[in-house]
Amino acid sequence: MHWESYSHQKIKEVVSNALKQNLDYREKPVLGLPASYLDPEVFYDDAPFLKDAPFLSTLIANPNHIGCHTLNESEAAFTGTHQIERELIDLCAKEIFEGGEEDFDGYVASGGTEANIQAIWILKRYYEIEFEANANEVAVLYSEDAHYSMPKACRLLGLKSYVTKVDEETRRVTQESLIECIKTTKESGVKHFIVIMSMSTTMFGSVDDIDEITGWLDDLAVDYKVHIDGAYGGFIYPFLTESKSYTFENPKINSFTLDGHKMLQSPYGTGIYLTRKGFMEYALTEEANYVKGKDYTLVGSRSGANAVAVWMIMRTYGSAGWKAKIEKLQKKTDRLCSNLDERGVEYFRNPDVNIVTIKSKYITPKLAEKYLLVPDAHGDNAKWFKIVVMDHVQQGLLDRFLLDLDAELQTRK
Ligand SMILES: *Cc1c(COP(=O)(O)O)cnc(C)c1O
C-alpha cells in the first residue's frame with residue numbers, strides 16, 4: 001500500500017488545472033445544459049480566500065459528475081475533475097485494497113447506503129442477465145449486525161433477505177444459523193446468493209470472518225458473490241490489519257463500499273463504490289440518452305466537489321501519514337480498553353478497529369446521555385453502548401468519562 005503525499009501547493013495546482021479543463025460557464029457559449037455555477041449572489045467566485053481553497057473553488061464551479069468515469073467517455077464538460085475521481089477510485093482499489101495490476105470501476109456515491117444498494121442492484125442484475133434468474137431465485141445473506149442499508153436495499157430491489165445470527169459475546173456469525181438460512185432458502189427456490197460481509201459493523205466494529213464464512217458456503221456448494229461493506233472500516237481496518245482476506249487479492253470478493261464521510265472526515269456525500277471490471281455494466285440505464293456515456297449509477301447528477309474532497313484528504317496525508325493517524329487512534333483505543341480492563345468492565349472490541357462497545361450494565365442512563373454513547377437499541381432495550389474513538393476524542397475527554405464511570409460504579413456498590 002503506497003501513495004504519495006502532496007503539498008498544499010501541489011494539491012492547489014492539480015485541482016485548479018482540473019477546473020481549467022472543465023467547462024467554465026462564464027467563458028464558453030453554454031446553451032444546452034440545465035446547469036450553471038452556484039448562485040453568484042450567495043456564492044460569489046471572487047471571494048479572496050478561494051484561490052487558496054481548492055475544495056470551495058470546486059464547489060462554486062459546481063462540476064456535475066453524473067455517470068461513471070472509470071468506464072467510458074463521459075460528459076466532456078467536466079473531464080478535469082472526472083480525472084481526479086478516476087485517480088481516487090484507482091487509489092482506493094489498488095492501494096487500500098491491493099488491486100495490483102487489475103483495473104476497477106467505481107464512483108463516488110451519496111454515501112455507504114447508496115454504494116451498498118448499487119452493489120446489490122448490480123449483483124441482482126448479474127444473476128438476472130447471466131443466469132436468467134428471477135428475483136425470487138436471488139437472495140441476500142448478511143448477519144444481524146450488518147448495517148440497516150441491507151434490509152433497505154432488499155425491500156427496494158424486491159429481494160429476499162436471510163439474516164444469520166451472531167454469538168452474543170464474540171459477534172461472530174454462527175455456523176448453525178448460516179446452515180439454517182441456506183436450508184430455508186433452498187426450500188424456497190433460491191439459487192443464487194448475494195453475500196454481504198461487514199468489514200467492521202457500525203455498532204461493534206466486528207469484522208466478519210470472510211475465510212471461515214466463504215469456506216462454509218463452499219462446503220454447502222452454494223452459488224454466491226461477495227460484496228464487502230467497508231462503509232465504517234474501509235479507512236481504518238486495512239491500515240491496521242496484516243491479513244489480506246479483505247483485499248482484491250481475495251478472488252471471492254467482487255466489490256467494496258467505503259465511506260469518506262465517516263473516518264476520513266470528508267463532507268457528507270462521499271460514499272465510494274468499487275468493483276472488479278465487468279460488473280458496472282449491469283447497472284447500465286440504456287435510456288439515459290441525454291447523458292454522454294449513459295449512466296451506470298444509482299444517483300444521477302452528483303457534485304464533483306465530493307470526489308475532490310476525498311482525493312484532497314488522501315493526497316494530503318499520503319498512505320504513510322494516514323496510517324500514522326489511524327495507528328494513533330488505535331493506541332488511544334487500546335489505552336481505553338486497558339482502563340476498562342482494570343475496572344473489570346466488559347466490552348467488545350476488534351483490535352484493528354477504534355470502536356469499544358460496553359455492556360449496558362456498566363452504563364447508567366445519565367452517563368450515556370452525558371457522553372452521547374450510542375446504544376444498540378434506543379428505549380429501554382439497550383444491551384450495549386459504544387464509544388467511537390474519533391479524531392475529536394481527546395485523552396482528557398476519555399479520562400473524564402472514566403472518572404464519571406468510577407463514580408457511578410462506586411455508588412452502585
Ligand atoms: C454508516 C454505514 C453505512 C451507511 O452509510 P451512510 O453513509 O450513512 O449511507 C453502511 N454500512 C456501515 C457498516 C456503516 O457504518
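Just so it is clear, the model here is predicted, and its values are computed rather than measured. We count ligands from 1, going down the list as the structure has it; atoms in each ligand are counted the same way.
The distance between the ring centers of His192 and Phe131 falls below 6.0 angstrom. Taking the six-membered ring for Trp, Phe248 and Phe104 have ring centres closer than 6.0 Å.
In terms of protein heavy-atom proximity, atom 9 (O) of ligand 1 is closest to Thr113 OG1, 2.6 Å. Of the protein's non-hydrogen atoms, the one nearest atom 2 (C) of ligand 1 is Lys262 NZ, 2.3 Å. What sits closest to atom 4 (C) of ligand 1 on the protein, heavy atoms only, is His147 CE1, 3.2 Å.
For ligand 1, the atoms closer than 4.0 angstrom to any heavy atom of His261 are 6 (P), 7 (O). Each of the following atoms of ligand 1 lies closer than 4.0 Å to a heavy atom of Ala231: 2 (C), 3 (C), 10 (C), 11 (N), 12 (C), 14 (C). Shown in contact with Ser200 at under 4.0 Å from a heavy atom are these atoms of ligand 1, numbered in order with element: 13 (C). Numbered from 1 in the order shown, with element, the atoms of ligand 1 that lie under 4.0 Å from a heavy atom of Gly111 read 7 (O), 9 (O). For ligand 1, the atoms closer than 4.0 angstrom to any heavy atom of Asn116 are 10 (C), 11 (N).
With no hydrogens or angles considered, no side-chain donor-acceptor pair links Ser143 and Asp145 at under 3.5 Å. Side chains of Tyr282 and Glu130: a donor-acceptor N/O pair is present below 3.5 angstrom, by distance only. Of the N and O atoms on the side chains of Glu180 and Tyr162, not one donor lies less than 3.5 Å from an acceptor on the other residue. Side chains of Ser149 and Asn116: a donor-acceptor N/O pair is present below 3.5 angstrom, by distance only.
One finds a salt bridge joining Lys252 and Asp218 here, because a Lys/Arg side-chain nitrogen approaches an Asp/Glu carboxylate oxygen to under 4.0 Å.
Between atom 11 (N) of ligand 1 and the options Thr202, Ile355, Asp229, Leu258, the minimum heavy-atom separation is to Asp229. Nearest-heavy-atom check against atom 5 (O) of ligand 1 across Asp145, Asp259, Thr257 picks out Asp259.
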